[in-house]
Amino acid sequence: MNIFRLAGDMTHLFSVLVLLLKIHTIKSCAGISLKTQELYALVFTTRYLDIFTDFISLYNTVMKLIFLGSSFSIVWYIRRHKIVRRSYDKDQDTFRHYFLVIPCLVLAVFINHKFTFKEVMWTFSLYLEAVAILPQLVLLQRTRNIDNLTGQYVFLLGAYRALYILNWIYRHFTEPHYVHWITWIAGVVQTLLYADFFYYYFQSWKNNEKLQLPA
Amino acid sequence: KKQPQPHDEL
């Protein structure tokens, strides 16, 4: 474990905590895409199929349980909680899941390191995670007033991806050379999707203005 | 020598 990986995991954890804080204390999910949250629940479910079969470390297992538990509870809150669900704007969050899920599944079946169920599911989760933020980014663009917590949430998610790239560069020079081009390409694509958001995020921060993405 | 990647990340 290097410092970039740890920092990446912590920003990822903070992003989830910020979102749960917004949902749990303010009882609002305004500006949050249920589609993206459902895709993340699917990402973690398919990626962590090895949770009970391959033990890596206690840290690893605990973090996996946190990401699984938090992603499903966020989906539950937005769909079922009697107050939270009222703030969900269904008409704005129109992105179709299958536009992302089906191409990722097809890609994972054909492009993977090993054609086994677990490996294909793991590869699928990488492809899907890369694009799962799209419904959220589309929703942000449609939202005239992006509240602070939503902005922080997306920023932390983007920071997590950027730190993972630094982690891979570090690992590349310090560890035995593994084949990881699938992780790299999916990860770089995922990080690039945040580039536009980062630009406007820093602009609003520099000019001390409210964050707003151009339509 | 290149080996398959371990799934040790989150």
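We name chains A, B, ... by the order of the sequence lines, and we start the count at 1 in each one.
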Where do Tyr164(A) and Leu10(B) land on the side-chain contact (heavy atoms from CB on, under 4.5 Å) test, with the steps shown first? CA-CA 10 Å; Tyr164(A) 253 65; Leu10(B) 290 164; 3.8 Å; yes

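Around CG of Leu192(A), the count of heavy atoms belonging to other residues, nucleotides or ligands within 6.0 Å exceeds 12. Heavy atoms from other residues, nucleotides or ligands lying under 6.0 Å from CZ of Phe14(A) number 12 at most. Applying the 6.0 Å contact sphere to OH of Tyr199(A) captures no more than 12 heavy atoms from other residues, nucleotides or ligands. Heavy atoms from other residues, nucleotides or ligands lying under 6.0 Å from NE2 of His24(A) number 12 at most. The number of heavy-atom neighbours closer than 6.0 Å to CZ of Phe55(A), taken from other residues, nucleotides and ligands shown, is above 12.
Only the side chain of Tyr160(A) comes within contact range of chain B, judged by heavy atoms closer than 4.5 Å. With a 4.5 angstrom heavy-atom cutoff, Trp181(A) does not touch chain B via any of its atoms. The parts of Asn60(A) that come within reach of chain B are both its backbone and its side chain, each placing non-hydrogen atoms under 4.5 angstrom from that chain. If you measure heavy-atom distances from Glu119(A) to chain B, the contacts under 4.5 Å come from the side chain alone.
Atoms CG and CG, on Asp54(A) and Asp8(B) in that order, are 11.5 Å from each other to the nearest 0.5 Å.
Contact check on Arg47(A) versus Glu9(B) returns no salt bridge, with no Lys/Arg side-chain nitrogen under 4.0 Å from an Asp/Glu carboxylate oxygen.
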